[in-house]
Protein chains: 4
Amino acid sequence: MLKTRVYAFLNENSYFQKFIYTLIILNVFSLIIASYKEIYTPYEIIFDGFEFFSVIVFSIEYILRFWTADLAFEKGSSFSKRIKFSFSTFGLIDLFAILPFYLPFIFPFDLRVLRILRLFRLLRIFKLGRLSKSLQTITSVLKESKSELSITIFVAFILMILSSTLMFYVENDAQPEKFENIGQSLWWSVATLTTVGYGDIYPITNLGKILSSVIALIGIGFVALPTGIISSAFISRMQSEKEKGKGCKCPKCGTEF
Amino acid sequence: MLKTRVYAFLNENSYFQKFIYTLIILNVFSLIIASYKEIYTPYEIIFDGFEFFSVIVFSIEYILRFWTADLAFEKGSSFSKRIKFSFSTFGLIDLFAILPFYLPFIFPFDLRVLRILRLFRLLRIFKLGRLSKSLQTITSVLKESKSELSITIFVAFILMILSSTLMFYVENDAQPEKFENIGQSLWWSVATLTTVGYGDIYPITNLGKILSSVIALIGIGFVALPTGIISSAFISRMQSEKEKGKGCKCPKCGTEF
Amino acid sequence: MLKTRVYAFLNENSYFQKFIYTLIILNVFSLIIASYKEIYTPYEIIFDGFEFFSVIVFSIEYILRFWTADLAFEKGSSFSKRIKFSFSTFGLIDLFAILPFYLPFIFPFDLRVLRILRLFRLLRIFKLGRLSKSLQTITSVLKESKSELSITIFVAFILMILSSTLMFYVENDAQPEKFENIGQSLWWSVATLTTVGYGDIYPITNLGKILSSVIALIGIGFVALPTGIISSAFISRMQSEKEKGKGCKCPKCGTEF
Amino acid sequence: MLKTRVYAFLNENSYFQKFIYTLIILNVFSLIIASYKEIYTPYEIIFDGFEFFSVIVFSIEYILRFWTADLAFEKGSSFSKRIKFSFSTFGLIDLFAILPFYLPFIFPFDLRVLRILRLFRLLRIFKLGRLSKSLQTITSVLKESKSELSITIFVAFILMILSSTLMFYVENDAQPEKFENIGQSLWWSVATLTTVGYGDIYPITNLGKILSSVIALIGIGFVALPTGIISSAFISRMQSEKEKGKGCKCPKCGTEF
């Protein structure tokens, strides 16, 4: 059957997959290079041509994936399977990655909206996610330690709120234009806790410097904690994989199990 | 009995708990937003009204918790149980989170003291700590490795004192206004060891740069050491939890070993 | 036989090896010190003399290694063994570390090419790699976790592309001279994700600061993930080494189990 | 005997030890506070008096430790034991911590030498090292992973030399006053690899930014590698401690060992 062949072509043909992945990467590079006005302006027609070509390819791919969606799922009617595909993560990514091209033909947008719509083309990078088999180890490890990690983030969040509110009251008098409100203070707090330290905002009073030192030192723990959690999850996974292959033997009757 | 019902309502009713947690978070956001003068000034009455409402709610909560305190503890007279509650961590947090509102009615404070008192409202964020069941894993892991962690902090402290004193003598001549005293030098030392590096203070002499390089490289170990300690504690915990569930049994002859 | 003696001298004589390693390190220091014009100009003749001496020694070493190459490999003709050596990693390093000295005698280069050729002398540092027996543990551990590490790098790469493209659109209007194109935006992205934060480029709009905060916080995970992976690989290695040496034996009845 | 009592007093009396530790910490604080000219100048006599008092106490302690040194070691003549003490780590620290006070009475120094001699007082902080029983776990763990850690440092060192030499040739033309020589370039290299990033020196050319990005990304691994090594050593230690307490049983004859 044609549909089965097309489905196999889309999902198993390695030449087609390499072609799509190359096209995605070229799209991303095109987006980056097009931000250089001195390159974009003289070659505008080439960039637009490449964008046109890409949208055609991705549109055909989307239509074919939609058409063969009933082979991708086991249960349900042909219609419900297509709905399922349309609202699956990759279905939505595939759609939103091409939609911005067609929308202006339907609705008359002003330029600012168009500029934001162009950003949706970045979604194409997520189409690479179909490579994701190898991503599974990492994501499953992160999922296992989700509860500890989310508490770490929660504690970090409380810490940031506390330190930035305190810092605001400490530094506001000395630097009213820098520590203007707690929002600016939060920006300082993130830069300090993550140890980025751009240097655009920092305390100048003695009390502020002491507070900032405490926060920076806690920031070390803020790095150490998730690292410890993730390490522990990786090691747990590695050990359970080892034990699977062990072949345990009863010391009394000698039965292997 | 009414008291038992109230006690259950305070500690088990999920709607009441969600309401309190939402109120706490709204209080924190209100504190942050009120720091934006352009937002606070026109809507002052709304912020004051919300503060008034919050204090009423938290006050009622405190009174009820104080009244039902004799159900929270097992031993002791009704009076001693209430004293126990009043001086428990959460009892004190609950009290200090509302006290600043009432104090000015009793004592006539000047504005500067009032401003500091307002900061006590931040304590309300710690009321979220009652969520803490899920925090237990992390805190117990940190407690297990407390002795190693505190020695790391002690070594880091000595390192900071040493490096900042040396740096003061090295850089004071070249930058008398930056490395003005060892206090400023300590500020440089924290920024370097934690790898924050704001860029407001750094050595300019060759000797100072060499010293700073050594400190920055040691700073890497200063991150690695607590991470190793915490990882090890997490893994230890994970393994002992696994072993609990092991109770290895031969499926053929039933021998446990 | 002379050839066997020479081969042993090159590869086993500890005095010769120490001499070569010292010469390599002196070469590197000479290259660094020669970059100080105030030192290089008056002592130019000494630096040139030392360079001449080093090239003579390294050339003799290369010729001898080439001559004795047929003792280094087991199979193949004398000629094929020498070809094998010439195109081995260390063979190429040895060659390219001396070639730039001879090339100008053959081809007339202009000064700019000569300057780049001089940089090839840096390759001499890799000659230290023959020390590498002790490097094996680390490289083998890194190889074991190669697939997870390369996925982390891939995810980090996508993250950098995404964040820098978004940041370009957010900040370009406010700071057209800093966030001039996505290339500059990528430079910001690396500085933030790695938590270096030089402070030459950072967001000034509120939206940009929020985006930057998110990226900086993700940067923490970006450090935690490879650390967890590498820790896990080191521990796996350590445990399998322990188990090798176990061969558990009952001290009373001698039963192995 | 008096000598035995004195020896016990010096090494076991907890009040005396607390007194000495408090005095050391006060000495360090005095050194820090004396760097504030506005505090030191009016109270010079107090600082000098405290220094005089401290030297007296530490001198008496040194004399007593020297006198009772023959009880601290098992073998050798009374004289050889005292020589042993004098050249032990703590013996030397104790001596150099008080020597600078007496030297000016013997030799007439100029002020600059005196200023450096005063720095020797910082050595007093190492007298706290006698607390070191609890430091043993950490130092023994670091010693176990010494070979891997020293290779990491060696690789980092090569990386720094390579990157700073390349950066010097890349940026020297664009910023001759910043990347003036490879020494300055090394300072940039340390700041980048350790992710401190003060922001006083950074590349401005495109090639330099690409090179810097690569170094910053490698810097992440530079943090991950020692962390992984240290974690692994901590876990190894923890596991061997657990196994000691296990009580292994032969499954055949039931002997515990």
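Each chain gets a letter, A, B and so on, in the order its sequence line appears, and its residues count up from 1.
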Return the option, out of B/Ile235, B/Thr227, B/Leu162, with the maximum number of heavy-atom pairs under 4.5 Å with chain D.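 Among B/Ile235, B/Thr227, B/Leu162, the one with the most close pairs to chain D is B/Leu162.
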With chain D, the option among B/Ala216, B/Gly199, B/Ala191, B/Ser232 that has the most non-hydrogen atom pairs under 4.5 Å is B/Ser232
Heavy-atom proximity to chain B below 4.5 Å, by part of D/Leu142: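 Interface part for D/Leu142: side chain.
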Is it the side chain or the backbone of D/Val196 that comes within 4.5 Å of chain B heavy atoms, both, or neither? both
Heavy atoms only, distances under 4.5 angstrom: which of D/Leu193, D/Val190, D/Ile33, D/Val141 has the most pairs with chain B? Name it, please.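 Result: the option with the highest number of such pairs is D/Val190.
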Find the one option among D/Ser231, D/Pro226, D/Ala34 whose heavy-atom pairs under 4.5 Å with chain B are most numerous.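 The residue among D/Ser231, D/Pro226, D/Ala34 with the greatest pair count is D/Ser231.
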So, taking the atom named [atom1] in [X] and the one named [atom2] in [Y], what distance separates them when rounded to the nearest 0.5 Å?
X: B/Ser236; Y: D/Phe234; atom1: OG; atom2: CZ; result: 13.0 Å
X: B/Ile220; Y: D/Ile153; atom1: CD1; atom2: CD1; result: 11.0 Å
X: B/Leu225; Y: D/Ile230; atom1: CG; atom2: CD1; result: 5.5 Å

Taking ring-ring contact (aromatic ring centres under 6.0 Å, His included) as the test, write out the residues that go with D/Phe50, two or more places apart. none
Heavy-atom cut-off 4.5 Å, strictly under: side chain, backbone, both or neither for [X] against chain D?
X: B/Ile204; answer: neither
X: B/Pro203; answer: both
X: B/Thr152; answer: both
X: B/Asn206; answer: side chain

Tell me, please, which residues at least two apart from D/Ser163 pass side chain to side chain donor-acceptor pair (under 3.5 Å). D/Ser189
Listed by chain and number, what are the side chain to side chain donor-acceptor pair (under 3.5 Å) partners of B/Ser30, not counting sequence neighbours? none
Can you name the residues of residues 180-188 of chain D that have some heavy atom under 4.5 Å away from a heavy atom in chain B? D/Gln184, D/Trp187
Determine the minimum heavy-atom distance between D/Thr194 and B/Thr195, stating which atoms define it. O-CG2, 3.3 Å
Verify the distance criterion only: is there a donor paired with an acceptor across the side chains of B/Tyr169 and D/Ser35 at less than 3.5 Å? no
Evaluate whether atom [atom1] of [X] has more than 12 neighbouring non-hydrogen atoms of other residues, nucleotides or ligands under 6.0 angstrom away.
X: D/Phe157; atom1: CZ; result: no
X: B/Tyr40; atom1: OH; result: yes
X: D/Phe29; atom1: CZ; result: no
X: D/Phe96; atom1: CZ; result: no

